[in-house]
Each structure stands twice: as structure tokens, then as C-alpha cells.
Amino acid sequence: LSMGRKLDEDLLDDLEEKLLTADMGPTTAMSVMDSVKDAYKKKEFEDPEGLYEHLKRDLASRLQQNVTPLASVEGGVTVILVVGVNGTGKTTSIAKLTHLLTSEGKKVLLAACDTFRAAAVEQLDLWATRTGVEIVKHSSGADPAAVAFDAAEAAVARKVDYLIVDTAGRLHTKENLMKELEKIGKVLRGKIDTAPHEVLLVLDATTGQNAIIQAQAFNESVPLTGLILSKLDGTAKAGVIFGIQNEVDVPVKFIGLGEKQEDLERFSAPQFVEAMFE
Amino acid sequence: SLTKNLQGAFSFFRKRGHLTEDNIKEGMREVRKALLEADVNIKVVKDFIKKVTERAIGEDTLKSVRPEQQIVKIVQDELEELMGPVGGYINFSGGSPTVIMMAGLQGSGKTTTCAKMCKYLVKKGKKPFLVAADLQRPAAIDQLEVLGKDLGIPVYSERDGGRAPKVCQRGVKEAQRLGMDVVILDTAGRLHVDEALMEELQEIRDKTKPQETFLVCDAMTGQDAVQSAREFNSRLELSGVILTKLDGDARGGAALSIKTVTGKPIKFVGVGEKTSDFDEFHPDRMASRILG
Ligand SMILES: Nc1nc2c(ncn2[C@@H]2O[C@H](COP(=O)(O)OP(=O)(O)OP(=O)(O)O)[C@@H](O)[C@H]2O)c(=O)[nH]1
Ligand SMILES: Nc1nc2c(ncn2[C@@H]2O[C@H](COP(=O)(O)OP(=O)(O)OP(=O)(O)O)[C@@H](O)[C@H]2O)c(=O)[nH]1
Ligand SMILES: [Mg+2]
Ligand SMILES: [Mg+2]
């Protein structure tokens, strides 16, 4: 099926609609469409199959420049701070990360720094039990920075490999809450050199263009080292990730594919792009 | 802003004389861009643009001194009309107690909204009762019990491995026995593509016959809003929608997508994490927010 001397209008409209439906956003979708038309002019493909193969390679390459594994401090505690807006899957992602690390023989300690939301500590505590790790927690309403301080101290004393810090969901528009996050980061750094070594922003795959603003805002408070895209087992495609990478140079490190502790995978750009067009 | 972008587009056209119908269509590309940036679903955007283009041409914006202002007004009016009416009403008739079921995707704000609804109902002189029907999320029952305790609202729960539909049925019976007049069912978050869990939701509805079935949806949801809303609606016949986390800066285009695709009214909005952060839905405010 050749496309003749110019790209079929229907094919292009169809492709653009796919990109937009995947939450790529109008500006990013337009730039992708321009590069597709450019590649066609340069005869880089000749038929619809070729177009899609070219496109998938192009998109995957946009996500692959900065793929890095999880930080790992030699002979010391690696501190992972998990942040994000309300309900994105932070606590559950921590359970999954814990399961992944313990299955690789690492010793993990959890810090219950969401001292605000109803039963947040209980939720993480249950996950600690299920994954077989210890947890540092205070009573509800305690200062999250105080919990972080105690947890960092305990992590060093108990010689754990990873300290994972759970924080309360917070909208990036709430300045006092973003300040609180900075304070947690500072306290961790005060107790453990160069901590936090990983700052992972958990983004809900169903989120639209606001994800770009979230990434920018959180990055300003606590420099991000990675993203976790949760709930990719749904029908949302998280195409907003392309817009994010234009603004914040932070790689996706993991994806969440369900509600159980096993439902976490390391990010693979080609697999992610393939799933976008399924 | 949209007005500025339209102005820019039209000043370019105006340089060559009067605006034409084609110029209006070109200007509509700015409206399309604004709506897509606001997360309105692309198919909904396409239909919407057709409608407002016809209206703009029909209302003679071509001859207007400030066509961009007239077009923005048409867009605003059309958005308001499509997302209306003003919310805030609950169907209290036909059941004793009135049963309200909260459903939606994971993390959308259902449990918190149950508590907010209780506080709202108490203000309206009702005696609400909570049923903890999320039997799968760790500490979900604890979460509802803490919220209930803070508000002085009784919470019905079962911790011995029952099934959600039965728990809900027994919860409603308990509310009847205690003479409570509204029961709110907090269900587990679930994917609209999870066949078994969507059937469970239908079973809860069949066993409790709710007067109100709300889809609780996060205001920052993108294009996927139509997929999930359509499926929840076709399974449950929703009575309304509650949009949460509007205290953020998401434009909230999902509101238009959901209303268009389900036809169901958006009745309430969540505007914070406190139980008092709960308002009736106002289509005019939502329209301005979407336009940015
Ligand atoms: N289907 C699916 N559900 C998920 C995934 N990750 C988390 N969830 C669910 O999303 C809901 C919210 O998860 P939490 O871990 O409580 O989210 P959170 O970010 O810690 O929430 P807050 O602390 O309240 O801000 C729960 O019902 C989880 O089971 C995922 O990858 N897939
Ligand atoms: N800022 C803000 N946060 C909200 C709002 N509504 C809910 N939240 C927060 O969003 C997060 C998720 O709320 P939940 O009530 O646990 O959501 P859920 O739908 O019951 O989650 P699952 O039961 O896991 O599906 C919590 O951190 C809430 O405090 C709102 O209107 N504004
Ligand atoms: Mg949490
Ligand atoms: Mg819940």
C-alpha cells in the first residue's frame, strides 16, 4: 500500500488524533507531526507501516537519552524520597519498590513521613509488614521532618541499603506544602551525606497536561532524579511524558502496572512507545 | 490568553481587508489549541469547534469591531451551556434511607469525598451513615473510620473477608435499623477495564438500589476521562459526577468531556483535603477555568 506522491490526509488526521488521545498535547503532537512530514519528504519511509515504524523509533529515542538505573551508594545508605500530588500512587509504589529491592537482596527501611492524611501511616505500616521490612513512624500529626530525621538516624544505625521516604500527597500550588517538602529534603541531607540520592515523582498515567506543571514545580522544590508513571495498566497512555521531557530533564525509571507489590517494572522506552499505539 | 491569541490571528487576517468565513475557521484553531491544552477530549473538541464556528458565522462576528471578544464570549457561553446546570442537589426521594454510591478510578478522591458529603448532609439536617466497602486497599477501612470519627459519623465495616456487595447490603440494613436517613457507600477504586470489579460494582448497585451513583473523577484527568466515564456510566447509569482536586491548577477540561460523553450532571466539586472543602458545581466558573 503505497502513499503516492503525498501523505494521505486521512492517515495524517488519524495519526494526529492518536497522538492527542494519548495525551501528547497539541504543541508536542504538532512538532511530532512536522517531523513525520519532514521524514516523508526525505523518503525515510514510503508506506503506512514504514511511517509507524519510523515514528515509534523517533519517539523512543526522545525518551532514551537519559536512562539511568536506581542510585546505589557504595557502603552507605541510599535515600529515596517519593513525592507527588494527591492520590497518584506514591505509597503503593514504595511498597512495589521495596519488594523489588528486597527480592534483590537489599535491606530496606521505610519512613512514614505522611503524618497528615487519615490512616496514611497505617497504610504504609501494612505494606512494611507485607514486604517484610521495618518502618520508622511517629503518631499522626507529627512533624514529617522529625520523622525523616529519626528515620535517617535509624537507617545509618541499622546499616540498611535503602531508606525510602513516603510523603503526603500535595498540590504543587500549595506553597507551604512545597516548603515542607524542601525541609524534609534538607533534614535528610543533614543526616546522610548527599541525601536524598533519588527523588522520584510519582505521576498518575491518567493525568493530562497538568503533569508538565507538576514536574516543573516539584523539580524546583526538590530536584527530581526520576519519574514513576503509575496506573499504566489502565487505558491512559501517558503521552504527556514527551512534553515533560522538553521541560525537565528527568528520566522515567519505573512504571506501575497494578495494585500488588509485584506490579512494578523498570522503564523501557521501546515498550512504552509500542504500548502507546496498541 | 485565548483572547490575545485570537486577536493576534485576526489582526493578521484583517491586514488583508475584511474577515472571511475562512478567517473565522482559522481563528478557531486557537480555540482548539486552548481546549486541548485544557485536556478536553479531542473528539469532544472537534464537535465543539463545529458548533461554535457555525454560531460565530451565524452571529455575524465577521462584521464585529472586535471579533475575538465576540468569539470568546460565544465559546464561554457554549461551554457553560454544555456543562450546566448548577449542581448541589441530591435526590432524597424514593428510598429510606437514601443510598449514595461513590465510584471511580483509583486515587480519584472517593473516600475523602464520602466524608465531605457527610459534613454537607449534616449541614442540611440529615443523619448520614458511612459504609466501608473498600475491602482491598490496605487500611481503607481505617481511613474511613478515622474520617467518620472526626465528624462523629458512624461507620459500618466488616473485617472478616466478606464481599463488598454483601457488606453494602448489610450496611444499608444497619442504617435502616438505626434510623439513619442517608447511607454513603465508599467503594474501592477500580479500572473501568477490570471486568470482575466492574461487575462487582453492578452487583453493589443491584443489591442497594442507590438514589445517587456518583462518578468521582480527578480534575487533572486527561484524554482518558471519556474512556473511564463512558464505561462507568454504561455499567452503572450514573446519577451525577463529582470533580475533585479543583484547588489545583489543572484546567479541568475533563469536566466538558465527561458531561458530553455521559450526559450526566456534574453536581459537586472537591476543593481541598479538608471535609469542609466541598462546593456545588458552577458551570460558569468551570468554563472560565477551562479557557484559562
Ligand atoms: N491500577 C493501579 N492502581 C494503582 C497503581 N498504583 C497505585 N494504585 C492505586 O491507586 C490508589 C492510590 O494509591 P496510593 O499509593 O494510596 O497513592 P498516594 O499517592 O500515596 O496517595 P496520597 O498519599 O493520598 O497522596 C490505591 O488504590 C492504589 O492501589 C497502579 O500502578 N495501577
Ligand atoms: N487537594 C485535594 N486533595 C484531595 C481532594 N479530594 C481528595 N484529595 C486527596 O486525594 C488523595 C486520594 O484521596 P482518597 O479519598 O484516598 O481517594 P480514593 O478515590 O478513595 O482512593 P482509592 O480508594 O485508593 O481509589 C488523598 O490524599 C486525599 O486527601 C481535593 O478536592 N483536593
Ligand atoms: Mg500515600
Ligand atoms: Mg478510597
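To find a chain, count down the sequence lines: A is the first, B the second, and so on, and within it residues start at 1.
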- Quick one: of A:Asp204, A:Asp233, A:Thr88, who has the most non-hydrogen atom pairs under 4.5 Å with chain B? A:Asp233
- Task: Counting only heavy atoms closer than 4.5 Å, note whether A:Leu20 contacts chain B via side chain, backbone, both or neither.
- Result: both
- Message: Taking every non-hydrogen pair under 4.5 Å, which of A:Arg130, A:Lys237, A:Glu259 racks up the most with chain B?
- Response: A:Glu259
- Task: Begin with the C-alpha distance, continue with both residues' side-chain angles, and end with the deciding distance and a verdict on salt bridge (Lys or Arg N to Asp or Glu O under 4.0 Å) for A:Glu262 and A:Lys96.
- Result: CA-CA 6 Å; A:Glu262 300 84 18; A:Lys96 296 174 185 178; over 6 Å; no
- Query: Are any non-hydrogen side-chain atoms of A:Ile94 and A:Thr98 less than 4.5 angstrom apart?
  - Reply: yes
- Item | Region of A:Thr27 that comes under 4.5 Å of a non-hydrogen atom in chain B | side chain
- Task: Tell me, yes or no, whether the heavy-atom count around B:Lys149 atom NZ, taken from other residues, nucleotides or ligands under 6.0 Å, exceeds 12.
- Result: no
- Item | Qualifying residues under ring-ring contact (aromatic ring centres under 6.0 Å, His included), relative to A:Phe272, sequence neighbours excluded | A:Phe267
- Query: Quick one: of B:Gln106, B:Lys46, B:Arg32, who has the most non-hydrogen atom pairs under 4.5 Å with chain A?
  - Reply: B:Gln106
- Counting only heavy atoms not in B:Arg285, do more than 12 fall under 6.0 Å of its CZ? no
- Contact origin within B:Gln143 toward chain A - heavy atom pairs under 4.5 Å: both
- Query: Is the backbone of B:Met102 close enough, under 3.5 Å, to the side chain of B:Thr187 for a donor and an acceptor to pair up by distance?
  - Reply: yes
- Message: Are B:Asp218 and A:Thr206 packed together at the side-chain level, in the sense that at least one heavy-atom pair is separated by less than 4.5 angstrom?
- Response: no
- Measure distances from B:Arg137 to the heavy atoms of chain A and classify the residue's part below 4.5 Å as side chain, backbone, both or neither. side chain
- Message: Tell me if a side-chain donor or acceptor on B:Lys110 pairs with a main-chain N or O of B:Ala188 at a distance below 3.5 Å.
- Response: no
- Message: At a heavy-atom distance under 4.5 Å, which candidate from A:Ala236, A:Gly239, A:Gly243 has the highest pair count against chain B?
- Response: A:Ala236
- Quick one: does B:Ile258's side chain get under 4.5 Å of B:Cys217's, heavy atoms only? yes
- Task: Give the member of B:Thr244, B:Val226, B:Asp249, B:Ile42 that has the highest number of heavy-atom pairs under 4.5 Å with chain A.
- Result: B:Asp249
- Query: Closest approach of A:Asp166 and A:Lys90, non-hydrogen atoms and distance?
  - Reply: OD1-CB, 4.0 Å
- For A:Val240, is it the side chain, the backbone, both, or neither that has a heavy atom closer than 4.5 Å to a heavy atom of chain B? neither
- Looking at A:Asp125, A:Leu171, A:Ile212, which one has more heavy-atom pairs under 4.5 Å with chain B than the rest? A:Leu171
- Name the option with the most non-hydrogen atom pairs under 4.5 Å to chain A; the candidates are B:Ser108, B:Gly107, B:Ala219. B:Gly107
- Task: Output the option from A:Ala29, A:Gly208, A:Gly89, A:Ala22 having the highest count of non-hydrogen pairs under 4.5 Å with chain B.
- Result: A:Gly208
- Message: Looking at chain B, which one of A:Leu126, A:Asn86, A:Ile213 has the largest number of heavy-atom pairs inside 4.5 Å, strictly under?
- Response: A:Asn86
- Residues in residues 189-199 of chain B near chain A [non-hydrogen atoms, under 4.5 Å]: B:Gly189, B:Leu191, B:His192, B:Val193
